[in-house]
Undergrad: 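Attaching a single structure in structure tokens format; questions to follow.
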Amino acid sequence: MSTESHQRLHSKEQVYAWIDELQQDPKNEEIQTNLVLQYQDLVHSLARKFSKGKSIHDDLVQVGMIGLLAAFRRYDKTFGRSFESFAVPTIVGEIKRFIRDKTWSVHVPRRIKELGPRIKRAVEELTTSLQRSPKIAEIADYLEVSEEEVLETMEMGKSYQALSVDSSIEADQEGSTVTLLDLVGSNDDGFDQIDKRMLLEKAFAVLSEREREILQCTYFENLSQKETGERLDISQMHVSRLQRRALEKLKEALRVTPSEALR
């Protein structure tokens with residue numbers, strides 16, 4: 001046996017010894033670090049296959065490392081499989097789960113996420129066999145699901161990549177742009193305020209001029225009853241009595257619905 005082969009075999013034996021030690025002492029950070037360094041290139045390689053240059057590569061590496069640590073804990077050499085052949089499906093499983101659960105822009109039920117790829121494969125296979133695009137009923141029958149589930153999944157599939165409200169879109173032929181947020185409407189309280197103002201004006205018509213003056217002073221100018229009496233040259237008691245009567249008239253007038261009051 002060559003020196004190089006012996007070194008590779010020794011390295012493999014060392015790795016399996018580390019795995020045994022880590023399983024017996026899960027808190028041994030030194031051994032865990034040695035194992036992670038041993039297989040970090042494998043994790044990066046698997047992450048690249050799924051990230052394909054996208055910004056989620058670092059996230060997939062971290063998730064892959066979680067899968068690697070799980071493989072260290074669960075590996076059983078008595079089954080006769082190499083650690084690599086056991087670790088790869090475990091790491092890939094974690095990466096796929098992350099992509100399925102975390103990269104959808106809008107939260108959708110898991111059954112929708114799982115049915116989506118099946119529908120895609122079914123469409124491809126049916127298109128080949130039928131030599132045309134399959135109908136919804138044919139897809140549903142092929143997958144043994146309801147047509148509603150197929151339609152729901154196809155519709156929700158559009159949520160996989162939602163646009164940011166800061167995304168720019170062309171606004172005119174001159175190339176000016178606006179963001180989606182600029183086009184989103186907002187509640188305009190002005191209409192409600194106009195309705196209320198018209199309703200109050202209608203209700204105030206039931207008051208006498210003196211009653212309107214008293215409410216103007218006490219509620220709109222925030223004068224006290226004493227100050228109101230001095231301005232109108234009447235007693236505070238008289239102000240109180242007129243104010244109470246005016247409020248009773250308004251209360252009665254406002255019992256009608258807004259649509260009735262605005263006629």
Side-chain angles (χ1 to χ4, degrees), residues 1-125 143 145 153-154 156-164 166-167:
M1 181 179 294
S2 66
T3 303
E4 183 180 357
S5 299
H6 178 74
Q7 288 175 343
R8 285 203 303 268
L9 179 61
H10 176 76
S11 177
K12 186 175 181 179
E13 290 175 343
Q14 179 64 70
V15 167
Y16 283 99
W18 281 337
I19 292 175
D20 285 340
E21 289 184 53
L22 185 62
Q23 289 178 346
Q24 295 173 16
D25 182 12
K27 296 183 179 181
N28 193 319
E29 295 184 2
E30 180 180 355
I31 292 178
Q32 178 175 289
T33 300
N34 290 338
L35 287 169
V36 167
L37 292 174
Q38 181 75 18
Y39 290 104
Q40 64 179 352
D41 289 343
L42 173 64
V43 174
H44 278 273
S45 175
L46 294 173
R48 277 194 297 272
K49 288 180 61 178
F50 291 92
S51 64
K52 297 180 180 178
K54 296 180 181 178
S55 59
I56 61 171
H57 176 74
D58 290 342
D59 292 333
L60 296 188
V61 170
Q62 293 184 24
V63 171
M65 287 298 180
I66 293 175
L68 177 64
L69 295 176
F72 289 145
R73 294 194 302 270
R74 299 201 299 262
Y75 176 65
D76 188 346
K77 62 184 179 183
T78 61
F79 284 100
R81 298 172 61 189
S82 68
F83 174 75
E84 290 82 356
S85 65
F86 174 79
V88 168
T90 305
I91 296 170
V92 169
E94 288 292 334
I95 290 175
K96 285 185 175 180
R97 188 176 298 109
F98 175 86
I99 292 174
R100 181 186 64 202
D101 293 342
K102 301 299 182 182
T103 60
W104 286 67
S105 300
V106 180
H107 177 72
V108 296
R110 175 162 293 183
R111 61 183 177 81
I112 298 295
K113 297 176 184 177
E114 294 175 346
L115 186 56
R118 293 178 59 203
I119 290 177
K120 182 178 180 181
R121 289 193 297 270
V123 169
E124 293 173 352
E125 294 171 5
L143 296 176
V145 297
T153 301
M154 295 175 73
M156 293 298 290
K158 299 175 183 178
S159 298
Y160 190 80
Q161 290 293 338
L163 289 176
S164 167
D166 293 322
S167 299

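Count residues from 1 along the sequence. Reckoned from all heavy atoms, side chains included, excluding hydrogens, waters and symmetry mates.
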Undergrad: State, with a plain yes or no, whether a side-chain heavy atom of Y16 is found less than 4.5 Å away from one of S82.
TA: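 Side-chain contact under 4.5 Å: yes.
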Undergrad: So, do F72 and L68 sit near enough that their side-chain heavy atoms are less than 4.5 Å apart?
TA: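 The answer is yes, as the side chains (C-beta and beyond) meet within the 4.5 Å cut-off.
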Undergrad: If you take all heavy atoms of A47 and V61, which pair is closest and at what distance?
TA: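 Nearest heavy atoms, A47 then V61: CB-CG2, 3.7 Å.
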Undergrad: Report the residues that fulfil side chain to side chain contact (heavy atoms under 4.5 Å, CB included) with V88, sequence neighbours left out, ordered by chain and then residue number.
TA: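 Testing V88 for side chain to side chain contact (heavy atoms under 4.5 Å, CB included), a comparison that skips the adjacent residues, returns L42, L46, V92.
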Undergrad: S45: which residues meet the side chain to side chain contact (heavy atoms under 4.5 Å, CB included) condition with it, sequence neighbours left out?
TA: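 With sequence neighbours excluded, S45 shows a side chain to side chain contact (heavy atoms under 4.5 Å, CB included) to R48, given in chain and number order.
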Undergrad: Output all residues satisfying side chain to side chain contact (heavy atoms under 4.5 Å, CB included) with T33, sequence neighbours left out; order by chain, then residue number.
TA: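 Partners of T33 by the side chain to side chain contact (heavy atoms under 4.5 Å, CB included) criterion, ordered by chain and then number, come out as L37.
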Undergrad: Write down the atom of R81, the atom of P89, and the distance for their closest heavy-atom approach.
TA: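 Shortest heavy-atom separation between R81 and P89 comes out as NH2-CG, 4.5 Å.
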Undergrad: So how far is it from H44 NE2 to L60 CG, rounded to the nearest 0.5 Å?
TA: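 The NE2 atom of H44 sits 11.5 Å away from the CG atom of L60.
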Undergrad: Could you name each residue pair satisfying salt bridge (charged side-chain N to carboxylate O under 4.0 Å, His left out) that touches residues 25-44, not counting sequence neighbours?
TA: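 Checked against salt bridge (charged side-chain N to carboxylate O under 4.0 Å, His left out) - neighbours excluded - no pair reaches residues 25-44.
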Undergrad: Tell me the closest heavy-atom pair linking E94 and V63, and the distance in Å.
TA: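 Shortest heavy-atom separation between E94 and V63 comes out as O-CG1, 3.3 Å.
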Undergrad: Can you tell me which residue pairs pass the salt bridge (charged side-chain N to carboxylate O under 4.0 Å, His left out) test with a partner in residues 67-76, sequence neighbours excluded?
TA: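 Sorted result for residues 67-76: empty, none.
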Undergrad: From I19 CD1 over to Q23 CD, what is the distance, rounded to the nearest 0.5 angstrom?
TA: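 Going from CD1 on I19 over to CD on Q23, the span is 7.0 Å.
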Undergrad: Test of understanding: with side-chain hydrogen bond (donor to acceptor under 3.5 Å, both in side chains), list the residues that count as partners of D20, not counting sequence neighbours.
TA: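 Once residues adjacent in sequence are excluded, the partners of D20 under the side-chain hydrogen bond (donor to acceptor under 3.5 Å, both in side chains) criterion are K77.
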Undergrad: Pair E84, Y39 - check side-chain contact (heavy atoms from CB on, under 4.5 Å), show working.
TA: CA-CA 9 Å; E84 290 82 356; Y39 290 104; 3.2 Å; yes
Undergrad: Any chance you could lay out the side-chain contact (heavy atoms from CB on, under 4.5 Å) test for T90 and F86, step after step, and finish with the verdict?
TA: CA-CA 7 Å; T90 305; F86 174 79; 4.1 Å; yes
Undergrad: Suppose we screen for side chain to side chain contact (heavy atoms under 4.5 Å, CB included). Which residues come up paired with Q38, at least two apart in sequence or across chains?
TA: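 S11, V15.
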Undergrad: Could you give the distance from CG (N28) to CD (E21), rounded to the nearest 0.5 Å?
TA: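 If I round to the nearest 0.5 Å, the distance is 7.0 Å.
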Undergrad: Taking only residues two or more places apart in sequence, or in another chain, which ones meet Q62 in a side-chain hydrogen bond (donor to acceptor under 3.5 Å, both in side chains)?
TA: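 Counting only residues at least two positions away or on another chain, Q62 forms no side-chain hydrogen bond (donor to acceptor under 3.5 Å, both in side chains).
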Undergrad: Residues in side-chain hydrogen bond (donor to acceptor under 3.5 Å, both in side chains) with Y75, at least two apart?
TA: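 Here no residue qualifies.
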